[in-house]
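Since the model is a prediction, treat every value here as computed from it, not as a measurement. Each chain gets a letter, A, B and so on, in the order the sequences are listed, and its residues count up from 1.
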Number of protein chains: 2
Amino acid sequence: MTGKKDITIYDLARVLSLSPATVSRGLKDHPAINIKTRKRITDTAREMGYRSNSFASNLRMQKTHTIGIIVHELKSQFISSVLSGIEKITTEAGYDLIIGHSSESYRKETSNAHNLFHKRVDGLIASLAFDTTDMEHFDPFVKKGIPIVFFDRVEDFPYGTRVIIDNVKAGYEATAHLAAQGCRRIVHFTANLGRNVYAGRLKGYQQALADYGLTFDPALVMVNDLSEAAAIRAARQILSMNPRPDGVFATNDFFAAVFLQTLKENGLRVPEDIAIVGFNNDAISRIIQPKLTTINYPGEEVGEQAARSLLDQLTSPSAAVASAKEASARTTDTIIIRSELIIRDSSLHRKV
Amino acid sequence: MTGKKDITIYDLARVLSLSPATVSRGLKDHPAINIKTRKRITDTAREMGYRSNSFASNLRMQKTHTIGIIVHELKSQFISSVLSGIEKITTEAGYDLIIGHSSESYRKETSNAHNLFHKRVDGLIASLAFDTTDMEHFDPFVKKGIPIVFFDRVEDFPYGTRVIIDNVKAGYEATAHLAAQGCRRIVHFTANLGRNVYAGRLKGYQQALADYGLTFDPALVMVNDLSEAAAIRAARQILSMNPRPDGVFATNDFFAAVFLQTLKENGLRVPEDIAIVGFNNDAISRIIQPKLTTINYPGEEVGEQAARSLLDQLTSPSAAVASAKEASARTTDTIIIRSELIIRDSSLHRKV
DNA sequence: TTTGAAATTGTAACCGATTGCATTATATTT
DNA sequence: AAATATAATGCAATCGGTTACAATTTCAAA
């Protein structure tokens, strides 16, 4: 640790023959400071390479200008996009991001939540882990009135904003499209049905079946972890089924792509023998052959909205407003992001 | 902002009829504190829901327990993996991450660097932007002796550790493999040759050509931004060439995949008409048909090594050691991560 | 010139944790 | 029991920026 000591406002004050208070005010455009003095201050601050100490400031102000993020997975194109969207908005506003990663584990999620609370983030943006059901770990934020925005994976919780898509509608459109293409036995690959996103899509799937006069067969709803290995196993299973399904709606493009690939390797034709619809509109859906019909789930947009919503709550006058009712009204919104079906070759059934 | 005031060591001290100093020591297992007193302290701290104020601590200790990260892109599987690796190691050690994102822009990179310096991160992990050449924005870190670990995209810089792969060797292996398969006209798709990674791979490409008795044709080295659009353009260009190249080494799997796909759509057979090798071993390389031969570049491993190296420097006794020479010796290492060619169908040429 | 309001600047007390240097309580030795 | 060593705790300054309130200066109105 070489390096001279940092310059502080006391150093500036000494050099300028002013008080630290005046320097402090001068650096932040306090109206009471004479414009000429202010200029002297900012000039010498620049010359001497002054940088303010955010700890001292945070300590005094009880604000951190930092936003905590908890994601369930980092190695995901969707999450990367969301992060990118968040980053774009928060950086403009001068906020920093601290990222926590739950790896789909409730335990790690709680530990992240505690850590971020301890770090006194000004706000939190979170997507829940696979197996999260209780929300107790967010109570400290609630008690302190620290705003939270949940996205994608959410729970019913009487606090915070939710940024989501209409999963029921998305599931409905995907399934209805397959049905409209003539599919009669449509398998649904999904994950933990306790999670809102999967529950919603399943509901849409069922509604679409009903609307198209197809009976719902619980055996065709297959739950797994949507991993590469699971996709390969799933493909094998489908190949061995009799009668074989003629349509598949998977809640994840990566899974759908591996699944599709494995079927092809085993001689099945897509979409002729089996039509496939994925979810997310990841890059892979445009590269796999045939190109994958999917639901567009714009991650960057989700991130931007989540960040904007959080910043709104941080900078709105609510802090001053006493009315908990009003604050509560503001913080219980749900923001629905538009999602839509993108039809590509993998589902264009021509069997009739 | 509802919520009672936070509990401080002063509150604990009052309740326990002790001094704040004793409480502070008790909370951190200071040996001078009686074990029974310590227990009383930690117990009531738990009961009263005490959480230490990291700003006060940071202010006093001049340490943040925070690591800054600058990446050139967030929406990349490779970078996600690296982040995941970093996160794994640093979380174990109780460090937080602040993530900055340069979007391949030198300007944003400098602004991120300044911001992270200002936030007083204890250390920095960075991968340079596309167009970064000068390293002045890292000078403040150098002057203060804040350790830096660069990964992937690095520059010659007499400070900091580098975690990289042997790009020359990787480029060589990729190209030599194509040559060994009988390719005679091998195109190399790459990006800004000012960046070490691309320069190194090109060098390996040239060496392999030489070793296999092929003449180097600068016209076959094509530089672009490796985007989806560029891949499609590239494919069109290849299709129009006469004589047509019979091998392609692209420095990015995503680009290679889109390129491959576009060629197929235009009737070219891979690998019969043209053999292709990508780079990174992204998931997409295993899904595209034919599967892509590629260089395995283990991002998670890179992230873990980078984080470990940084933590070493943060916790080593170097802080106490005066010898700048010794510190400098330690901080100029380069860590080479093993990378290797993974041969798949896209390059198995059988044309003699 | 006197006077009071307005414009500037200064004083000093925070924010909460840390730690060198006492000081006090306890244990050990003679 | 006195003297000394040792263990345990307290005092008070410090980190750097912020801000209520006080003090001073400036300037125009009286």
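Contact between the side-chain N/O atoms of B:Gln62 and the OP1/OP2 oxygens of C:dT18 is not found at any separation under 4.0 Å.
Two residues are said to be in side-chain contact when any heavy atoms from C-beta on lie closer than 4.5 Å; A:His101 and B:Thr91 fail this criterion.
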Could you list the protein-to-nucleotides 10-12 of chain C atom pairs, N/O on both sides, closer than 3.5 Å?
unit_1: C:dG10; atom_1: OP2; unit_2: A:Ser19; atom_2: N; d: 2.9
unit_1: C:dG10; atom_1: OP2; unit_2: A:Ser19; atom_2: OG; d: 3.2
unit_1: C:dG10; atom_1: OP2; unit_2: A:Thr22; atom_2: OG1; d: 2.7
unit_1: C:dG10; atom_1: O6; unit_2: A:Arg25; atom_2: NH1; d: 3.3
unit_1: C:dG10; atom_1: O6; unit_2: A:Arg25; atom_2: NH2; d: 2.8

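Evaluation of the salt bridge (charged side-chain N to carboxylate O under 4.0 Å, His left out) rule for B:Arg107 yields no partner, not counting sequence neighbours. Scored by the salt bridge (charged side-chain N to carboxylate O under 4.0 Å, His left out) test, A:Glu155 finds A:Arg195 as partners (sequence neighbours excluded). A:Glu301 is linked by a salt bridge (charged side-chain N to carboxylate O under 4.0 Å, His left out) to nothing, counting only residues two or more places apart in sequence or in another chain. Considering only residues two or more places apart in sequence or on other chains, B:Glu300 meets the side-chain contact (heavy atoms from CB on, under 4.5 Å) condition with A:Lys75, B:Ser84, B:Glu304.
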Test log, rule side chain to side chain contact (heavy atoms under 4.5 Å, CB included), inputs A:Met135 and A:Leu128: CA-CA 10 Å; A:Met135 304 286 273; A:Leu128 303 177; 4.0 Å; yes
CA sep, side-chain torsions, deciding dist, call: B:Arg153, B:Glu104, salt bridge (Lys or Arg N to Asp or Glu O under 4.0 Å): CA-CA 11 Å; B:Arg153 316 271 206 87; B:Glu104 299 286 17; 2.7 Å; yes
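Sorted by first then second residue, the side chain to side chain donor-acceptor pair (under 3.5 Å) pairs that include residues 112-126 of chain A, not counting sequence neighbours, are A:Thr64-A:Asp122, A:Asn115-B:Asp96, A:His118-B:Ser52, A:Lys119-B:Asp96, A:Arg120-B:Asp6. Among residue pairs with one or both ends in residues 43-71 of chain A, those qualifying as ring-ring contact (aromatic ring centres under 6.0 Å, His included) are A:His65-A:Tyr95; sequence neighbours excluded. Judged as a side chain to side chain donor-acceptor pair (under 3.5 Å), the pairs with a partner in residues 24-42 of chain B (not counting sequence neighbours) are, in order, B:Lys39-B:Asp43.
Annotation for B:Lys108: atom NZ counts as buried by contact number, over 12 foreign heavy atoms lying within 6.0 Å.
A distance-only check finds no donor-acceptor pair linking the side chain of B:Gln313 to the backbone of B:Pro147 [under 3.5 Å].
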With a 3.5 Å cut-off and sequence neighbours excluded, list the donor-acceptor pairs that the side chains of residues 13-22 of chain A form with protein atoms.
unit_1: A:Arg14; atom_1: NH2; unit_2: A:Asp11; atom_2: OD1; d: 2.6
unit_1: A:Ser19; atom_1: OG; unit_2: A:Ala21; atom_2: N; d: 3.4
unit_1: A:Ser19; atom_1: OG; unit_2: A:Thr22; atom_2: N; d: 3.2
unit_1: A:Ser19; atom_1: OG; unit_2: A:Thr22; atom_2: OG1; d: 3.1

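For the pair A:Asp11 CG and D:dC15 P, the interatomic distance rounds to 10 Å; values are reported in whole Å. Atoms NZ (B:Lys63) and C1' (C:dA17) sit 17 Å apart, rounded to a whole Å. Here D:dC15 presents its P atom at 14 Å from CE of B:Met61, a figure rounded to the nearest Å. As a whole-Å value, the separation of B:Leu12 CG from D:dT9 C1' is 16 Å. The interatomic distance linking A:Arg60 (CZ) with C:dA17 (C1') rounds to 16 Å, in whole Å. Between the C1' atom of D:dA12 and the CD1 atom of B:Ile9 lies a distance of 13 Å, rounded to the nearest Å. Going from atom OH of A:Tyr10 over to atom P of D:dA13 covers 15 Å, rounded to whole Å.
Across all strands, B:Thr8 comes closer than 4.0 Å only to sugar-phosphate atoms, never to a base (heavy-atom distances).
When ring centroids are compared, A:His137 and A:Tyr106 come within the 6.0 Å threshold.
Heavy-atom distances under 4.0 Å link DNA chain C to B:Tyr50, B:Ser52, B:Asn53, B:Ala56, B:Ser57 of residues 48-58 of chain B, given in residue order. Applying a 4.0 Å cut-off to non-hydrogen atoms, the residues of residues 26-44 of chain B that approach DNA chain D are B:Ala32, B:Ile33, B:Asn34, B:Thr37, listed by residue number.
Taking the screw axis at each terminus of the helix from C:dT1-D:dA30 to C:dT30-D:dA1 from five consecutive base pairs, the angle between the two is 50° to within rounding of 10 degrees.
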